[in-house]
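First comes the structure, then the notes that go with it.
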Amino acid sequence: MAVRGTKDLFGKELRLHQHIVATARRVLEAAGALELITPIFEETQVFEKGVGAATDIVRKEMFTFQDRGGRSLTLRPEGTAAMVRAYLEHGMKVWPQPVRLWMAGPMFRAERPQKGRYRQFHQVNYEALGSESPILDAEAIALLYESLKELGLRRLVVKLSSVGDPEDRARYNAYLRELLSPHREALSEDSKERLELNPMRILDSKSEKDQALLQELGVRPMLDFLGEEARAHLKAVERHLGRLSIPYELEPALVRGLDYYVRTAFEVHHAEIGAQSALGGGGRYDGLSELLGGPRVPGVGFAFGVERVALALEAEGYGLSEERGPDLYLIPLAEEAVEAAFYLAERLRPRLRVEYALTPKKPGKGVEEALKRGAAFAGFLGEDELRTEEVTLKRLATGEQVRLPQAEALGFLLSALA
RNA sequence: GUGAGCGUAGCUCAGCUGGUCAGAGCACCGGACUGUGGAUCCGGGGGUCGUGGGUUCAAGUCCCAUCGCUCACCCCA
């Protein structure tokens, strides 16, 4: 058995994944993004500092191990910290700014698996580094939205908020603590813990008890606490989205789970894929590079989950076209013809996709097998053909048939298939 | 980490209140079928009934434990 929360990818499922990544590649590279593949493990520090020691990811969801030298390494739980590490390491700050990067690959989190959540899952990440311009925030949202639109998804919901600058957030958390501490006992167990660690997350609680209390106390949204600059930044992002006709909802309760976010936060949801409805999310993280020991490099980006997008496509009834079969399926009609089929297949490869039966077949059976495989042509090799070094080719779509020297088969098939 | 549901053939599942209960369909292989269309008919291989204990004359069937899967919570992709 594959270990808990992991799975083997093949067949239709693999093709769908590859299609999703290929579509994202097209959209992101059209915007000038450079593909990057970082290692799937990093020094644990990269994530502890970059993602934040207080986050759930670092506290309980990382696969961490020691190498033989006693260094602590971690399977990457997300992509942004690693991509910023790469940006710093390769001196991309001297490239023309901003630098747009994208990456597709596996991520690892030690959570209990459920629908749309796996321990090894796949993300497409995009980051624009080196500018604070709200144009790049709007562009990131647009690129995420377009990637999903290009795949054919329709029922998308973009949620937008701002978590403000660090000082705004500090003021807001202080406000929440002051407001809620007297009612600590009325909160759910989870939210009591949130009150200590990150009061903003209480807004996101799914507990009815919590939501009723918040309602009753008339809690003010984070957006009320935005400073002058963060407010202007959000307004600019909204204006750009409006001009691009990207529908969005302001979602004051939207809270990012990672410490490095400032200002813009967004998610794209799809209603029909179960409890884990977020296809992707992202935001701005101007302080991240400093946490990793570099100079200040502002950035904004997103990630979306390939498995979740695949679920959403299935929910919308998306169907992949059938797998393309071989160009030619060779059918040996006699024992001696099996080897001849192998030799002829090798002669035609790799220009053509050629398969053959390993045991002699009766013609009817052979045609049946060729059809099952979705072959364009069936090729018969019987005693007659062996004697004359010929092969009988049958175009399965029309039934028309021709017998010709094996030496001419390649040319014939190439022009017939063109 | 918490809760609920579920583990019988490669896949989808049947198997009532314990007594031919080791089954079906699909898939795979072969035959009917001497050189031509995914069909049909017939046959075949394949399962320690997740695992370990227990109750019983008798356990896929009941009890306990354990492992796994699924969904949900937490949080997120």
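This one's a predicted model, so the numbers in the text were calculated from it and none came from an experiment. Residue numbers start from 1 in every chain, and the chains themselves are labelled A, B, ... in the order their sequence lines are given, proteins ahead of strands.
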Assigned glycosidic conformation for B:rG60 [threshold 90° from 0] = syn
Mind jotting down which residue pairs meet the salt bridge (Lys or Arg N to Asp or Glu O under 4.0 Å) criterion with at least one end in residues 147-162 of chain A? Sequence neighbours excluded, please.
-> A:Arg26-A:Glu150, A:Arg155-A:Glu272
Tell whether A:Arg109 reaches the base of B:rA77 with its side chain through a donor-acceptor pair below 3.5 angstrom.
-> yes
Per nearest nucleotide of RNA chain B, the residue lying toward the 5' end, A:Gly274 or A:Arg395, is A:Arg395
From B:rU70, B:rA77, B:rG37, nucleotide with atom closest to A:Pro113 side chain = B:rU70
Start with the C-alpha distance between A:Val27 and A:Tyr145, add both sets of side-chain angles, then the distance that settles side chain to side chain contact (heavy atoms under 4.5 Å, CB included), and finish with yes or no.
-> CA-CA 10 Å; A:Val27 171; A:Tyr145 189 70; over 6 Å; no
Using Watson-Crick or G-U wobble geometry with both distances below 3.5 Å, tell me the partner of B:rG30, or none.
-> B:rC42
Distance in angstrom units between A:Lys394 NZ and B:rU36 C1', rounded = 5 Å
Is A:Arg296 salt-bridged to A:Glu132, cutoff N-O under 4.0 Å?
-> yes
For A:His269 and B:rA77, what is the distance between atoms NE2 and C1' respectively, to the nearest whole Å?
-> 10 Å
Nucleotide paired to B:rU2 in any strand shown, Watson-Crick or G-U, under 3.5 Å | B:rA72
Atom P, compared across B:rG7 and B:rC16: separation rounded to whole Å = 12 Å
Just the atom pairs and distances: protein N or O near nucleotides 25-32 of chain B's N or O, under 3.5 Å.
unit_1 : atom_1 : unit_2   : atom_2 : d
B:rA32 : OP2    : A:Lys362 : NZ     : 2.5

Pair A:Thr392, A:Glu385: side-chain N/O donor-acceptor within cut-off below 3.5 Å = yes
For the residue pair A:His19 and A:Tyr318, categorise the inter-ring angle as parallel (less than 30°), tilted (30 to 60°) or perpendicular (more than 60°).
-> parallel
Just call it for A:Glu385: base, sugar-phosphate, or nothing, with non-hydrogen atoms closer than 4.0 Å on any strand.
-> base
If pairing requires Watson-Crick or G-U wobble contacts with both distances under 3.5 Å, which nucleotide is the partner of B:rG19?
-> B:rC57
Among A:Arg171, A:Arg263, A:His233, whose side-chain hydrogen bond (donor to acceptor under 3.5 Å, both in side chains) with A:Asp165 holds?
-> A:Arg263
Distance between the C1' atoms of B:rG60 and B:rG15, in whole angstroms?
-> 8 Å
If you check the A:Val367 side chain, which of B:rG35, B:rC71, B:rU36 turns out closest?
-> B:rU36
Where the side chain of A:Gln276 is defined as all heavy atoms beyond and including C-beta, which of B:rA77, B:rU36, B:rC75 is the nearest nucleotide?
-> B:rC75
Which nucleotide, in any strand shown, forms a Watson-Crick or G-U wobble pair with B:rA24, with both distances under 3.5 Å?
-> B:rU12
Aromatic stack A:Phe380/B:rG35: centroid gap under 5.5 Å, interplanar angle under 30° | no
Taking a pair to mean Watson-Crick or G-U wobble geometry with both distances below 3.5 Å, B:rG37 pairs with none
A:Arg100 and its salt bridge (charged side-chain N to carboxylate O under 4.0 Å, His left out) partner, picked from A:Glu29, A:Glu139, A:Glu35 = A:Glu139
Is atom CZ of A:Phe41 surrounded by more than 12 heavy atoms (other residues, nucleotides or ligands) closer than 6.0 Å?
-> no
Mind checking the P distance from B:rA65 to B:rG3? Whole angstroms is fine.
-> 13 Å
Just how far, in rounded Å, is C1' of B:rG68 from OH of A:Tyr118?
-> 17 Å
Do A:Ile20 and A:Phe304 pass the side chain to side chain contact (heavy atoms under 4.5 Å, CB included) test, and can you show the C-alpha distance, the side-chain angles, and the key distance before you say yes or no?
-> CA-CA 11 Å; A:Ile20 291 167; A:Phe304 71 77; 3.7 Å; yes
If you take atom types as modelled and just measure distance, does the side chain of A:Glu111 reach the base of B:rG1 with a donor-acceptor pair under 3.5 Å?
-> no
Using heavy atoms to find the nearest nucleotide of RNA chain B for A:Val3 and A:Phe304 separately, return the residue whose nucleotide is more 5′.
-> A:Val3
Once you apply the 3.5 Å cut-off to both distances, tell me the Watson-Crick or G-U wobble partner of B:rU66, or none.
-> B:rG50
How far, in whole Å, is B:rU17 from B:rC13 if one measures between their C1' atoms?
-> 22 Å
When rounded to whole Å, the CD1 to C1' distance for the pair A:Ile331 and B:rG35 reads 10 Å
Rounded off to whole Å, could you give me the CG-to-C1' distance for the A:Leu393 and B:rU36 pair?
-> 13 Å
Considering only the C1' atoms, how many Å lie between B:rA32 and B:rU51, rounded to the nearest integer?
-> 45 Å
Determine the contact category for A:Arg112: base if any of its heavy atoms lies under 4.0 Å from a base atom, sugar-phosphate if only primed atoms, P, OP1 or OP2 are that close, otherwise nothing.
-> base
Under 4.0 angstrom, heavy atoms only, what part of the nucleic acid is A:Glu307 near: base, sugar-phosphate, or nothing?
-> nothing
Taking atom P in both B:rC69 and B:rG50, what distance in whole Å separates the two?
-> 16 Å
Thinking salt bridges, do A:Glu42 and A:Arg76 make one under a 4.0 Å N-O criterion?
-> no
Output the single nucleotide from B:rG35, B:rA72, B:rA77 whose closest atom is nearest the side chain of A:Asp384.
-> B:rG35
Take atom P in B:rG47 and the same atom in B:rC63, then report the distance between them in whole Å.
-> 29 Å
Using atom CG of A:Leu153 as one end and atom P of B:rA77 as the other, report the distance to the nearest whole Å.
-> 18 Å
Closest to the A:Gln114 side chain, choosing from B:rC73, B:rU36, B:rG38 | B:rC73
Write down the distance between CD (A:Gln401) and P (B:rG35), rounded to a whole number of angstrom.
-> 14 Å
How close or far is atom P of B:rA77 from atom CZ of A:Phe266, stated in whole angstroms?
-> 11 Å
The nucleotide from B:rA72, B:rG37, B:rC75 with an atom nearest the side chain of A:Lys115 is B:rA72
Taking atom C1' in both B:rG46 and B:rC11, what distance in whole Å separates the two?
-> 13 Å
Select one nucleotide: of B:rG38, B:rA77, B:rU36, the one nearest the side-chain heavy atoms of A:Gln123.
-> B:rA77
Pick out which of A:His122, A:Lys7, A:Gln276 makes a side-chain hydrogen bond (donor to acceptor under 3.5 Å, both in side chains) with A:Glu307.
-> A:His122
